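Order of the sequence lines sets the chain letters (A, B, ...), proteins ahead of strands, with each chain counted from 1. Every value quoted in this text rests on a predicted model; they were computed, and no experiment measured them.
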Amino acid sequence: MDLDPVLIGRWQFGITTVYHFWMVPLTLGLGMLVAILQTMYHRTDNEVYLRSTKFFGKLFLINFIMGVATGLVQEFQFGMAWSEYSRFVGDVFGAPLALEALLAFFLESTFLGLWIFGWGRLPRAVHLGSLWCAVIGSWLSAYFIIVANSWMQHPVGVEMVDGRPVMTDVWAVLTNNTAIAAYTHTLCGALAVGGSFLLGISWYHLYRRRKDGIDTIGENKKVIVGSAPDVPGRDALDHEVWIRTLRIGAIVGIIAFAGVAITGDVQAKLMFEQQPMKMASAEAACHDGTEFSVLTIGDPSSNDCKGVENVFEIPGLLSFLAKGDFSTPVHGVKTLLPEYQAKYGTHLPDDERYGQHAGEKIDYQPIMIVTYWGFRMMIGFGILAAGVCALGLWLTRKGTVPLSPWLMRGFLLAITAPFIANSAGWIFTEMGRQPFVVAPNPAQLDGVYMFTQAALSPELTPGMLLFSLISLSLVYGVLMVVELRLLTVYIRGGVASAMPELNATNHTPRITNDDDVLSFAY
Amino acid sequence: METLATIWFVLIIVLWMGYLFLDGFDLGVGMLMPIFTRDERQKRVLLNAIGPVWDGNEVWLITAAGATFAAFPHWYASLFSALYIPLTLCLLALIFRAVSIEYRGKGHTKVWKSFWTWAMALGSAGTAFFIGAMLAITSSGLPLNENGDLVGGAFAWFGWPTIIGGLGGLGFTFVHGLIYLGLKTEGDVRKKAQRWAKRAMLPCAIPFLIWFGLAIAHRTWLVVIVAVTVAALIAAFAAVRAGAEKRAFVFHGIYLVAGLAAVFAGAYPNVLPSTLDPANSLTIASASSSDYTLTVMLVVTVICLPIIIGYQIFSYRMFLGRIKETHIPEAHRVPVAIRS
């Protein structure tokens, strides 16, 4: 068998990480929104916010646990599959992971447990505070893991001792400009996910209320809110829950998009400096120039710039994105390639730690079709998500949604747009870093970089890697089906699925002498 | 250098002690789910006895792994890559354990419930087995070459330490879960847990006692600590017989802590010995990070760990009190808010 273990290892890391990062942005974004909703309830005592908190809190938890479960794999697999990488970077890379556990995960997990079981048992303020602690914990965890990732994109705060980077300045690592930009960008992306989630689901319920004849449209085109005692939870207040969360979601989605755009611009300018090859291949820019490619055809996968043809370009835009003016040419792949070869060599060292790749010619150019389209999918789906939010606001200005099943399906489907944008962005930035696992910092020419081909655990065989790749993928696949099914069931149940007391048909209280039945139990 | 690395070695062992002491009972309760009782409401008593706290307990494992990476990257890299197959299975077990706790109550068919019941049991058992095995293996060693890589194929890690550590992990968490249920529940569950704990405690302790006792081979004076372990186990057993649950829980903890202390004091200064050549062994000096990294992490840990322990105690106090069957609300069926 001629399977390349590095390739299987990369597929495994990619699959498990992209999967994990479907749960994470929803946890980050929705968690914050639920905390805000509960704060509104705490302040106003308005039951609308209590219901919103309970309903979206339930969906949050169904998703949260999957993030926890798949996050464990992340923590272990650096050592399991990438032991050479772990040895090389351990002095600096392990610290943020340990900090993440100490400062973030304990906070998040302990207080989320308090929140889940604390309804009616904790004082209200303590209960609300628990949720905030959990949300702050999850936002902190995102910071630390992005600090770790950003060090791989742009190593700082180290010096080389005996061939390994040794941390000399933890503050420089924690305030890496790459990390600050990526962290704010990721949080805005996560809020976009949370906003679209609220918008799509609330749209569905407003549609159901109209379809079931509960809400109608009056003479003045405004909604006439009704109630249906025979359907669990469908009272007049229910309408208010959905229209309000719909608007909150849409507005958050739009604001988050503005944040994504601003932080993304900062990030792009840093990337032009720090990883010029990544940006050049994101643009399929073979030659120096100022033009931003709107559409490039040909065969970018050939990776030699021969078949690539830029069909439609906007002059000056690329320079603006990169440097802030319209005329400074941005270096293309053809210019950068010799620079990289001069700095980091043309061939991998003929060393056994490179395994079957020892002595191979180094391909400094990332897979162009992935970087080019990854970059564009990120931007495109981000814009789409924000556009849907704006459209949603406008279409619901009369107080409810149009009675159109296709619009309803469209808005539900649009929940996936910010997810796709998030995944595309990460795939772009991680694959764009290749062939490095630790990209060199051009400002610090001190040998702090590592080729991915040297990072894998030497004792691993393709069979071992395939075993874990296949078993994890199968389990992940099954769990995805289960999670989506559960989410569907709970979404269809409406608020009553999170508040049994709203379910009139459920009123068969057990006869018991104990009056302290838990308000929540698994 | 040596002092800092030694402090970190102790801290990491403390994290493992914390993990087994805390999540140990969650794993035990998880294993008991399918076998302890047929009654659905009693099963839910078990589940809710650990419900609010298990996730916070699991973080001790994440922290132990993360701290090992930060403080001893070579230890982390060699151990985790050498145990590639067993840790993959351990991760699958942890995934099923976590998801089952949250998802079990969210469906109502028989198949759904029994699937997640068994997922929780096997997930808990798998976790207990492989974590126990991993700790035993890191104390006894692996065939490592001079780079710290496993030699001899995908299963070269397998041997007596795997079995003793694995079974020991199963035995300890099983009994620990029973003691916890005695402490945390009321009624039939409590009585039954006490009965089971009485019968299971001593046989379940055999593998760990063997492992703990082997420490004496490295340093004779450790016989004192091993004696403490045995005494604590006997005291725990006496407490279980007397129905003194708190005392049993505490002494069962001392038994674990003293035992692990003996094992790793015996292994010191090795963190992962090589069975091929002592020169290849990873020690606290050869495996550790730089003094700077160790110092930074130590400062953070010294500040954070007491705070963490503080709010975890707060969390336990908030859910103080025994759970009984009458506390468990009616299973909530999710309605469908759709007409027609």
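- Side-chain contact check for A:F55 versus A:I201: some heavy-atom pair is nearer than 4.5 Å.
- With a threshold of 4.5 angstrom between heavy atoms, A:R492 approaches chain B through its backbone and through its side chain.
- If you measure heavy-atom distances from A:E100 to chain B, you find no contacts under 4.5 Å at all.
- Looking at A:I62, the atoms closer than 4.5 Å to chain B (heavy atoms on both sides) sit in the backbone and in the side chain alike.
- Only the side chain of A:F467 comes within less than 4.5 Å of a heavy atom in chain B; its backbone stays farther off.
- Ranking B:N57, B:N145, B:T88 against chain A, the residue ahead of the rest is B:T88, based on heavy-atom pairs under 4.5 Å.
- In this structure, chain B has heavy atoms under 4.5 Å from both the backbone and the side chain of A:L465.
- Side chain to side chain, A:Y476 and A:T16 fail the donor-acceptor criterion of an N or O pair below 3.5 Å.
- Within the 4.5 angstrom heavy-atom criterion, no atom of A:V161 approaches chain B.
- Residue A:R209 does not touch chain B at all, counting heavy-atom pairs closer than 4.5 Å.
- Using a 4.5 Å cut-off between heavy atoms, A:L72 contacts chain B through both its backbone and its side chain.
- Salt bridge status for B:E40 with B:R104: present, with a side-chain N to carboxylate O gap under 4.0 Å.
- The contact between A:L486 and chain B is made entirely by side chain atoms (from C-beta outward), counting heavy-atom distances below 4.5 Å.
- A:V68 touches chain B through its side chain: at least one heavy atom from C-beta onward sits under 4.5 Å away, while N, CA, C and O do not.
- Interface remark: A:S468 contributes backbone and side-chain atoms alike to the contact with chain B (heavy atom separation under 4.5 Å).
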